[in-house]
There are 2 protein chains.
Amino acid sequence: MTDLPDSVDYGPLSESLGFLLRLSQLRAFADFFDGMAGLDVHPGELSVLLVLSANPGIRQGVLARALTIKRAHMTKMVRAMERDGLVSRTVPQDDRRAVELWLTDTGHARVAALRPAFDTQQPRETARLTPDETTTLKRLLRKHIGLKEPDTPCP
Amino acid sequence: MTDLPDSVDYGPLSESLGFLLRLSQLRAFADFFDGMAGLDVHPGELSVLLVLSANPGIRQGVLARALTIKRAHMTKMVRAMERDGLVSRTVPQDDRRAVELWLTDTGHARVAALRPAFDTQQPRETARLTPDETTTLKRLLRKHIGLKEPDTPCP
DNA sequence: CGAAGATTGTATCCCAGTAAACAAGATGCC
DNA sequence: GGCATCTTGTTTACTGGGATACAATCTTCG
């Protein structure tokens, strides 16, 4: 990814959260493809695998909403992953419209294979910030999107 | 935009900056289309207009790099805006490959017409955060993408 | 100078992701 | 029960944006 030119006046854009988020996300994408190169995995596929690993039997529509992926697109992704033997799909008897998703053994193996690279990826993504700044940034983003804090035992 | 389901375990994704950025950006997009509804403007077009307004005569390639838009795509956008009478393109004599971009009178009028809605949009985007949190978030994002702080006189 | 290489914008092809319409099933309401 | 309405997943058609290759121009260096 090429750097931003520093001779440009961004005007009101440098105060626009939306614009800053767009640039940040593209930067994160570039980092992802840098760090995960050779593993032939896309961000969307990885996110599906990780959430499926933590939520066996999750319904396809709930997964789509959780990842902010449109249902139509989720269908394509999940079908492809089923074709590749990573995911199995079952129809629950209490609602025969729905589809429940499960990782196959191959799927679990894929997660196990990707997990180290993913974990290594995290520090790389935040290399430009101090640890404190990283923590703060993540907390604010979670608050902004209304995502509950993880692993926070509330006594 | 529909809310995230709160019964889903995001696993390691809730610690992934890239994932948080993706969700945040989609949220920002939804906010944008909410607030700018009826003005028939897309985020990309607006960003071009604003940067052009602050940098008259900027070269097409520099603009593309500044906004992280691919040159091929910038060509399409700018051509369309030229067709709509918003932008004029001139070839500088010192480099006849390049193209300099200028807002037309219509273009300036368009910026003036969009600016109030854009300014109103900013608070809306950050409604879930306190003012302090908003300032911090923007500062950290700017640092993360290597964008210089605006309006900071360095004595 | 002049040939090799880099930069700038463009045309072409391609694909991830969206929107809209649909089918099948569930739910509410009388 | 039975009709209207909502959900859930899927199909189809389309679009924004990227990858690639290219032409024209500029630069470098022999």
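Each chain gets a letter, A, B and so on, in the order its sequence line appears, and its residues count up from 1. These values consider heavy atoms only, across backbone and side chains, with no hydrogens, waters or symmetry-generated copies.
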**Request:** Check the pair B:Glu15, A:Lys138 against salt bridge (Lys or Arg N to Asp or Glu O under 4.0 Å), reporting the backbone distance first and the verdict last.
**Result:** CA-CA 7 Å; B:Glu15 281 301 325; A:Lys138 289 180 182 174; 3.4 Å; yes
**Message:** Between A:Asp84 and A:Arg79, does the salt bridge (Lys or Arg N to Asp or Glu O under 4.0 Å) criterion hold? Intermediate values first, please.
**Reply:** CA-CA 9 Å; A:Asp84 295 345; A:Arg79 282 276 174 97; over 6 Å; no
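Nearest nucleotide to the side chain of A:Gln60, out of C:dT18, D:dG9, C:dT10: D:dG9.
In the region residues 79-97 of chain B, proximity to DNA chain D at under 4.0 angstrom, judged on heavy atoms, holds for B:Asp95, B:Arg96, B:Arg97.
Atom CZ of A:Arg22 and atom P of D:dG16 are 15 Å apart (whole Å). Per the geometry, NZ belonging to B:Lys70 stands 5 Å off P belonging to D:dG18, to the nearest Å. In this structure, the CE atom of A:Met74 is 15 Å from the P atom of C:dA16, given to the nearest Å. Residue A:His73 contributes atom NE2, which lies 18 Å from atom P of C:dA20 at whole-angstrom precision. Protein atom NE2 of A:His42 is 7 Å distant from nucleotide atom P of C:dA16, rounded to whole Å. In this structure, A:Arg71 places its CZ atom 13 Å from C1' of D:dT11, rounding to the nearest Å. In this structure, CD of A:Glu100 is placed 15 Å from C1' of C:dG25, rounded to the nearest angstrom. Rounded to an integer number of Å, the gap from CD of A:Gln25 to C1' of C:dG17 is 13 Å.
An OP1 or OP2 oxygen of D:dT10 is reached within less than 4.0 angstrom by a side-chain nitrogen or oxygen of A:Thr75.
When atom types are taken as modelled, the side chain of A:Thr104 and the backbone of A:Gly85 share a donor-acceptor pair closer than 3.5 angstrom. Using modelled atom types, one side-chain atom of A:Asn55 and one backbone atom of B:Asp9 make a donor-acceptor pair closer than 3.5 Å.
If you run side chain to side chain donor-acceptor pair (under 3.5 Å) between B:Gln60 and each of B:Arg65, B:Glu100, B:Arg89, only B:Arg89 comes through.
If B:Lys76 and B:Arg65 are placed on DNA chain C by their nearest nucleotide, the residue sitting closer to the 5' end is B:Arg65.
Across all non-hydrogen atoms, the minimal contact from A:Phe118 to B:Pro12 is CE2-CB, 3.6 Å.
In this model, no donor atom of one side chain and acceptor atom of the other lie less than 3.5 Å apart for A:Gln25 and A:Arg22.
Residue contacts for A:Ala98: at a heavy-atom cut-off of 4.0 Å it reaches the sugar-phosphate backbone alone, with no base atom in range.
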